[in-house]
Amino acid sequence: MDSSNLFLGLIILMVVQAIGTYIQVQQYKKAVRRLHKMGNVGIGSKKGRFRPGNIVVIACNSKGIITAGEIMEGYTVFNGFKEVRGIIGKSIYQLRAEYEELPEKKQKAYKAHIQALDALNFRLNPIEI
């Protein structure tokens with residue numbers, strides 16, 4: 001194999017990766033804008049070593065009632081944001097308490113959800129100095 005072909009192959013892979021990253025960032029921005037229209041937004045993320053990572057975006061009203069939630073999970077750019085089922089209408093405090101009752105291993109699986117709920121809790125109840 002000629003070294004110029006190898007170099008050309010690496011350049012093509014880098015361009016494809018850059019395009020994929022751009023598409024994912026655009027999907028992320030659209031999801032945040034869409035959910036921000038439904039209230040305060042909390043965002044959490046979890047990186048996966050051997051399992052796919054995820055990004056969770058949760059929206060709630062000023063009373064802490066969840067109005068929407070979406071998750072992006074997977075390895076490729078073809079995984080868009082999908083609705084998180086079963087959380088709409090629940091209180092962020094109630095859902096956080098439910099996650100705390102889970103075994104520690106399950107809590108790690110919901111790390112992004114917990115981060116998003118903590119961000120919303122901090123936004124609704126800022127710490128006074």
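Quick note: residue numbers are just sequence positions, from 1.
Residues satisfying the side chain to side chain donor-acceptor pair (under 3.5 Å) criterion with K30, sequence neighbours excluded, are absent altogether. Shown here are the side chain to side chain donor-acceptor pair (under 3.5 Å) partners of S62, two or more places apart in sequence or in another chain: there are none. Looking at residues two or more places apart in sequence or on another chain, you find a side chain to side chain contact (heavy atoms under 4.5 Å, CB included) between E83 and I88. Checked against side chain to side chain contact (heavy atoms under 4.5 Å, CB included), K29 has the following partners two or more places apart in sequence or in another chain: V25, Q26, R33. For E100, the side chain to side chain donor-acceptor pair (under 3.5 Å) test picks out R96, with sequence neighbours left out. Shown here are the salt bridge (charged side-chain N to carboxylate O under 4.0 Å, His left out) partners of E104, two or more places apart in sequence or in another chain: there are none. Evaluation of the salt bridge (charged side-chain N to carboxylate O under 4.0 Å, His left out) rule for R123 yields no partner, not counting sequence neighbours. With sequence neighbours left out, N121 forms a side chain to side chain donor-acceptor pair (under 3.5 Å) with N125.
Screening R85, R34, K82 against E70 for a salt bridge (Lys or Arg N to Asp or Glu O under 4.0 Å) leaves a single residue, R34.
Membership of an apolar cluster is not assigned to L10, as no side-chain contact below 4.5 Å to another ILVMFWY residue is traced. Other members of a hydrophobic cluster containing I65 are absent, since no ILVMFWY side chain comes under 4.5 Å of it, directly or through relayed contacts.
Applying the ring pair (Phe, Tyr, Trp, His ring centres under 6.0 Å) test to every pair with at least one member in residues 26-72, sequence neighbours left out, gives no pairs at all. For residues 79-121, every residue pair satisfying the ring pair (Phe, Tyr, Trp, His ring centres under 6.0 Å) rule, not counting sequence neighbours, is listed here: Y99-Y110, Y99-H113, Y110-H113.
Heavy atoms only, all atoms of each residue included: G42 and A119 are closest at CA-CB, 4.1 Å. Here the closest non-hydrogen pair linking N61 and K63 is OD1-N, 3.0 Å. Listed here is the closest heavy atom pair of A112 and K46: CB-N, 3.9 Å.
When side chains are defined from C-beta on, L124 counts as touching I92, because their heavy atoms get closer than 4.5 Å.
For CD of Q17, the number of neighbouring non-hydrogen atoms (other residues, nucleotides, ligands) closer than 6.0 Å is 12 at most.
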